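These notes concern the structure reproduced below.
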Protein chains: 2
Amino acid sequence: MLMKKRASTVCPIVYALDIWGDPWSLVILRDVLIHNKRHYREFLASREQISTNILSARLQSLVEAGILVKIEGESNRAQTMYRPTQKALDLFPVVFAIMHWGLKYNPNTDMSIPIMQELTTNEKGLEHRLLSNFDDIQS
Amino acid sequence: MLMKKRASTVCPIVYALDIWGDPWSLVILRDVLIHNKRHYREFLASREQISTNILSARLQSLVEAGILVKIEGESNRAQTMYRPTQKALDLFPVVFAIMHWGLKYNPNTDMSIPIMQELTTNEKGLEHRLLSNFDDIQS
DNA sequence: GATACATACTTGCGAAATGCAAGTACGAAT
DNA sequence: ATTCGTACTTGCATTTCGCAAGTATGTATC
C-alpha cells in the first residue's frame, strides 16, 4: 500500500483503498471476477507481468481482508485455488464502472474482446453471466 | 504509481489504474468531486494527512493526465485552483460505486455526513447536485 | 515600511515497497 | 532416477514514500 494503513477510517473510499487500492490488487481482482482465474499460475500469466513476490504478497493480503479465500488441495500445491468471497463479488459494480471509464478514454482498448462489446450493449446480462461462475459462493 | 507505467494497454482497467490507481490520487479526486475542494491548502487539510511533496506530485500528474486543470491567479499563488475536467467528472460513477461498497463493509463509516445518507436514498439527485458545482466545465 | 504570517511549493534523507533474478520445496510425469 | 511444473521465498538494487525542513512570494499587521 502507498498510504499509511489506518486501523479505521470514517470514509468508505479510504476503507476501500486500504484493502484493494493498489493497482496490483485490482488487476488480480479483474482476473478473478472477469476472467475467472483462480490459480497462481494463471495470475502470473497476465499481460501485466506481475512478479512472483508481489503476487504472493497481494494474494495473502486479499485473503486477510476477506476478499479471497485460499483453497488448498490435499497433497498437491498445484491444486491451490483463490476464489472470491461475496465481498469480492460486490466489487462488480466498481470494476464495471472503471471499465466504462477506461473504455471511454483509452483509445487502445481491445474491442475485439467479447466482454468489451457486451459491457456496452448488455451490462446486466454480462454481470449475470459472470456471477454464474460463482454460484457456489452466492448466498 | 506502484505499477510500471505502460505507454499503452489494451485493458481499460489498467489504463485507468495507470492514471489514478494509486490511493492518494483517488483521495484527491474524492475531495474535488465530492467535497468541492480546489486549493492546495484544502487538500492538505484532509483527514488523511497527505504530505506536501506527494500532494504536489499527484496534482501535477493528474494535470498531465488531463484529469485536473491548474488555474493560476495573476500575481498571487494563493489563488491557484485545481478544477476537474470532463474526464474527471466521468469518474463520478466509479467514486459512487466505491462508496457503495465501502459503506456496505466499513462498519466505521460516518453516516452523520449528509452525503452518505443521500448516496443510499437518492444517488441520482446527489450526483446531479454535485455536478452542478461544475456547471462551467460541463460541455 | 519592516516584520510576521500564509500559501504553494521544493529538497533531503531514512524507511518502506517494488522489480528482477535466483533459489527452494514438493508432487507429477517420463 | 531424473526432469518438469507449480507455488512459493529470498536477496538485492532501484524506486517511491513519509516526514521534516527550507524556499519563494504575496498579504496582513504594527
Side-chain angles (χ1 to χ4, degrees), chain A residues 1-7 9 14 17-29 31-32 35-65 68-83, chain B residues 1-7 9 14 17-28 31-32 35 37-65 68-83:
Chain A
M1 298 292 155
L2 289 179
M3 189 179 276
K4 187 174 39 182
K5 278 239 183 178
R6 265 154 281 281
T9 172
V14 174
L17 294 180
D18 277 346
I19 293 179
W20 48 261
D22 72 288
W24 286 123
S25 292
L26 258 184
V27 167
I28 293 170
L29 283 168
D31 285 345
V32 169
H35 298 116
N36 201 18
K37 295 186 181 178
R38 52 192 81 189
H39 295 288
Y40 189 92
R41 55 186 177 276
E42 295 179 298
F43 300 122
L44 266 191
S46 288
R47 202 191 302 267
E48 287 79 20
Q49 308 223 56
I50 188 169
S51 47
T52 56
N53 52 348
I54 307 286
L55 175 57
S56 180
R58 286 295 167 277
L59 288 173
Q60 201 174 321
S61 89
L62 289 172
V63 167
E64 280 168 16
L68 298 180
V69 176
K70 181 176 186 174
I71 302 167
E72 308 192 49
E74 26 188 322
S75 83
N76 191 351
R77 279 192 309 172
Q79 296 168 352
T80 302
M81 290 193 306
Y82 293 90
R83 298 262 73 197
Chain B
M1 299 296 154
L2 289 179
M3 188 179 277
K4 188 174 39 182
K5 277 238 181 177
R6 264 155 283 281
T9 172
V14 173
L17 294 180
D18 276 346
I19 293 180
W20 48 261
D22 73 288
W24 286 122
S25 291
L26 258 182
V27 167
I28 293 171
D31 284 346
V32 170
H35 298 115
K37 294 187 181 178
R38 53 191 78 189
H39 296 287
Y40 189 91
R41 54 187 177 275
E42 294 178 299
F43 300 123
L44 266 191
S46 289
R47 203 189 303 266
E48 287 79 19
Q49 309 222 56
I50 188 168
S51 47
T52 55
N53 52 347
I54 307 285
L55 174 58
S56 180
R58 286 296 168 276
L59 288 173
Q60 200 175 321
S61 88
L62 289 172
V63 167
E64 280 167 15
L68 299 179
V69 176
K70 181 176 184 174
I71 302 167
E72 308 192 49
E74 26 188 320
S75 84
N76 191 350
R77 279 193 309 173
Q79 296 170 352
T80 302
M81 291 193 306
Y82 293 90
R83 297 263 72 197

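Hydrogens, waters and symmetry mates play no part in the numbers below; they use all other heavy atoms, side chains included. What you are looking at is a predicted structure, and each value in this text was computed from that prediction instead of being measured.
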In whole angstroms, how far is the [atom2] atom of [N] from the [atom1] atom of [X]?
X       : N      : atom1 : atom2 : answer
B:Asp22 : D:dT15 : CG    : C1'   : 14 Å
A:Glu74 : C:dG27 : CD    : P     : 13 Å
A:Glu42 : D:dA7  : CD    : P     : 9 Å
A:Leu55 : D:dT9  : CG    : P     : 10 Å
A:Gln49 : C:dT18 : CD    : P     : 17 Å
B:Lys37 : C:dA8  : NZ    : C1'   : 16 Å
B:Leu44 : C:dA8  : CG    : P     : 8 Å
B:Glu72 : D:dT25 : CD    : P     : 13 Å

**Request:** With DNA chain C as reference, determine whether A:Asn53 or B:Ser56 sits nearer its 5' end, using the nearest nucleotide of each.
**Result:**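 Comparing both residues, the 5'-ward one is B:Ser56.
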**Request:** Assign each of A:Ser51 and A:Ser75 to its nearest nucleotide of DNA chain C by heavy atoms, then name whichever residue's nucleotide is nearer the 5' end.
**Result:**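 Taking each residue's closest nucleotide, the earlier one in sequence belongs to A:Ser51.
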**Request:** Over all heavy atoms of both residues, which pair between A:Leu26 and B:Leu17 is shortest? Give the atoms and the distance, please.
**Result:**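 Taking every non-hydrogen atom into account, CD1-CD2, 3.4 Å.
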**Item:** Base D:dT6 to side chain A:Thr80, donor-acceptor N/O within 3.5 Å cut-off
**Value:**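 Answer no: no donor N or O sits under 3.5 Å from an acceptor.
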**Request:** Kindly determine whether A:Glu72 and A:Gln79 satisfy side-chain contact (heavy atoms from CB on, under 4.5 Å), including the steps that lead there.
**Result:** CA-CA 6 Å; A:Glu72 308 192 49; A:Gln79 296 168 352; over 6 Å; no
When you get a sec, tell me which of [options] is the closest nucleotide to the side chain of [X]?
X       : options               : value
B:Asn76 : C:dA25, D:dT27, D:dC8 : D:dT27
B:Arg58 : D:dC17, D:dC8, C:dA8  : D:dC17
B:Trp24 : D:dG18, D:dC8, C:dC9  : D:dG18
A:Ile54 : C:dT18, D:dC8, C:dA8  : C:dT18

**Message:** For A:Arg58 and A:Asn53, which I'm curious about, is there any donor-acceptor pair between the side chains at under 3.5 Å?
**Reply:**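 No, no side-chain donor-acceptor pair sits under 3.5 Å.
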**Item:** Worked check of side-chain contact (heavy atoms from CB on, under 4.5 Å) between A:Tyr82 and A:Lys70
**Value:** CA-CA 5 Å; A:Tyr82 293 90; A:Lys70 181 176 186 174; 3.4 Å; yes
**A:Tyr40 vs A:Arg77, side-chain contact (heavy atoms from CB on, under 4.5 Å): CA-CA, chis, key distance, verdict** = CA-CA 10 Å; A:Tyr40 189 92; A:Arg77 279 192 309 172; over 6 Å; no
**Phosphate OP1/OP2 of D:dT9: any A:Tyr40 side-chain N/O under 4.0 Å** = no
**Message:** Can you see if the side chain of B:Arg41 gets near the phosphate of C:dA6 - specifically, an N or O under 4.0 Å from OP1 or OP2?
**Reply:**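 For B:Arg41, the contact criterion (side-chain N or O under 4.0 Å from OP1 or OP2 of C:dA6) is not met.
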**Item:** Touch class at under 4.0 angstrom, heavy-atom based, for B:Phe43 against every strand present
**Value:**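 No contact.
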**Message:** With side-chain contact (heavy atoms from CB on, under 4.5 Å) as the criterion, how do B:Ser46 and B:His35 come out once you've worked through the C-alpha distance, each side chain's angles and the decisive distance to 0.1 Å?
**Reply:** CA-CA 10 Å; B:Ser46 289; B:His35 298 115; over 6 Å; no
**Asked** What distance separates A:Arg41 CZ from A:Thr80 OG1, expressed to the nearest 0.5 Å?
**Response** 9.0 Å
**Prompt:** Closer to the 5' end of DNA chain D via nearest nucleotide, is it A:Lys70 or B:Arg77?
**Reply:**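 The residue whose closest nucleotide sits nearer the 5' end is A:Lys70.
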**Request:** Without swapping roles, check the side chain of A:Arg47 against the backbone of B:Thr9 for a donor-acceptor pair under 3.5 Å.
**Result:** no
**Request:** Would you mind reading off the bend of the helix from C:dG1-D:dC30 to C:dT30-D:dA1 from its two end axes, five pairs each, to 10 degrees?
**Result:** 10°
